[in-house]
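Here the structure is a predicted model, which means the values were calculated and not measured.
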Amino acid sequence: MSLRKVATVIAIVLFCVYLLWWLWLDLTLPPDSSMHHLYSYSYGILAGYGGVLGFIIANKYGGFKSAVGKSLIFFSFGLFCQFLGQYTYAAQSWVFHIENAYPSWGEIFFFASVPSYILGVWYIGKAAGSGVSLKLLKFKLISIIFPLIMVAVSYYFFINGQSMDGQSQIAIFLNFFYPIGEAAFVSLAILAYLLSSNVLGGVMKRRVIFILFSLVFQYVADSLFLYRTIQGTWYQADFSEFMFAMSYALMTLAFLDFSSVFGELKDKN
């Protein structure tokens, strides 16, 4: 069995473990159980594993020497920041016994992941040939209007009307930054898919949509986490955390999918 297949099996097994674990917790145990805490502290390993794999695979494409390599580096950095952010929160809980201390030092890494994902989407769009489509007027209009709609929808559902009383200025800033920033990278990913031409013979289409799904899951997870945190209803290992685990697994599999077509993409990039 090749190293890529071994890495894929490990990623799938890890995700299945956390899927079954979450179902067991949701169906059988109260939200404040120690197993909920352990789940919340540990599933970030999916992001760490995926981030390391992404850096390795990006190196196959020449790293910063190619658009695909740059895209994978930025996505991998963003994913690894999710890992670091999560374990910073976990360490704070273990050492200082403070649960969900939002915002905390972990936000440095979560904050960094947003512009990193945006850069990743930008370069994957270039690799997929979206720049060719943007030469057409109708696509130029779509590229401006669509992100604005996404940001407006995100603001309406996750920010508008939410009480910010008693929150620090940093928390208020992050409450605006996360939904809007994530709406930006999701909308750009959708645009990258819609605008992708056949510059690479269609090879990039599936890879773009794989990345897109992982970003959509993370956007939903972050928005749900933020909303429940503001409302005071969030608990460890809730549905938002399962969605995070799903997004990490999807991005990891997307990286491995890039590895499987390295030769074909290298010839056409």
K.L.:
Measure the shortest side-chain to side-chain distance between Ser34 and Leu38 over non-hydrogen atoms and say whether it is less than 4.5 angstrom.
P.N.:
no
K.L.:
Between Tyr235, Trp234, Phe225, which is the residue that forms a side-chain contact (heavy atoms from CB on, under 4.5 Å) with Glu241?
P.N.:
Trp234
K.L.:
Quick one: are Leu215 and Val121 in side-chain contact, heavy atoms under 4.5 Å?
P.N.:
yes
K.L.:
Going through the distances and angles, do Leu46 and Thr252 end up as a side chain to side chain contact (heavy atoms under 4.5 Å, CB included)?
P.N.:
CA-CA 8 Å; Leu46 284 164; Thr252 300; 5.7 Å; no
K.L.:
Is the backbone N or O of Phe74 less than 3.5 Å from a side-chain atom of Ser116, with the two atoms forming a donor-acceptor pair by type?
P.N.:
yes
K.L.:
Group every Ile, Leu, Val, Met, Phe, Trp and Tyr by side-chain heavy-atom contacts under 4.5 Å, then state whether Leu20 and Leu27 land in the same group.
P.N.:
no
K.L.:
The test is side chain to side chain donor-acceptor pair (under 3.5 Å); show your working for Gln82 and Tyr87 and say whether it passes.
P.N.:
CA-CA 9 Å; Gln82 291 289 315; Tyr87 279 91; over 6 Å; no
K.L.:
Enter the distance from Phe77:CZ to Tyr117:OH here, rounded to the nearest 0.5 Å.
P.N.:
10.5 Å
K.L.:
Rounded to the nearest 0.5 Å, how far does CZ of Phe255 lie from OG of Ser259?
P.N.:
12.0 Å
K.L.:
So do Met243 and Leu224 actually touch side chain to side chain, heavy atoms under 4.5 Å?
P.N.:
no
K.L.:
Quick one: are Tyr18 and Tyr39 in side-chain contact, heavy atoms under 4.5 Å?
P.N.:
yes
K.L.:
Answer whether the closest heavy-atom distance between the side chains of Met246 and Trp22 falls below 4.5 Å.
P.N.:
no
K.L.:
What are the two closest heavy atoms between Ile211 and Phe75, and how far apart are they?
P.N.:
CG2-CZ, 3.4 Å
K.L.:
Is the number of heavy atoms from other residues, nucleotides or ligands within 6.0 Å of CD1 (Ile45) greater than 12?
P.N.:
no
K.L.:
Give the minimum heavy-atom separation between Ala11 and Leu253, together with the two atoms involved.
P.N.:
CB-CD2, 4.2 Å
K.L.:
For Gly78 and Ser113, work out which heavy atoms get closest and say how close.
P.N.:
O-CB, 3.4 Å
K.L.:
Any idea which heavy atoms bring Asp32 and His37 closest together, and the distance?
P.N.:
O-NE2, 3.9 Å
K.L.:
Which distance, rounded to the nearest 0.5 Å, do you find between the CZ of Phe110 and the CD of Gln86?
P.N.:
5.5 Å
K.L.:
Given side chains that start at C-beta, do those of Arg228 and Ser240 come closer than 4.5 Å, heavy atoms only?
P.N.:
no
K.L.:
Taking side-chain contact (heavy atoms from CB on, under 4.5 Å) as the criterion, tell me which of Tyr61, Trp122, Phe64 meets it with Lys70.
P.N.:
Phe64
K.L.:
When you compare the side chain of Phe239 with that of Phe244, does any pair of heavy atoms fall below 4.5 Å?
P.N.:
no
K.L.:
What I'd like to find out is whether the side chain of Phe83 reaches to under 4.5 Å of the side chain of Tyr49, using heavy atoms alone.
P.N.:
no
K.L.:
When rounded to the nearest 0.5 angstrom, what distance separates CZ in Phe210 from CG in Asp257?
P.N.:
5.5 Å
K.L.:
To the nearest 0.5 Å, tell me how far Ser40 OG sits from His36 NE2.
P.N.:
10.0 Å
K.L.:
Of all the heavy-atom pairs spanning Ile57 and Leu72, show the shortest one and how long it is.
P.N.:
CG2-CD1, 4.0 Å
K.L.:
To the nearest 0.5 Å, how far apart are OG in Ser33 and CG in Leu25?
P.N.:
5.5 Å
K.L.:
Ignoring hydrogens, what is the shortest heavy-atom contact between Ile124 and Ser71? Give both atom names and the distance.
P.N.:
CB-OG, 3.2 Å
K.L.:
Applying the side-chain contact (heavy atoms from CB on, under 4.5 Å) test to Tyr43, which of Tyr248, Phe15, Phe242, Trp21 qualifies?
P.N.:
Tyr248
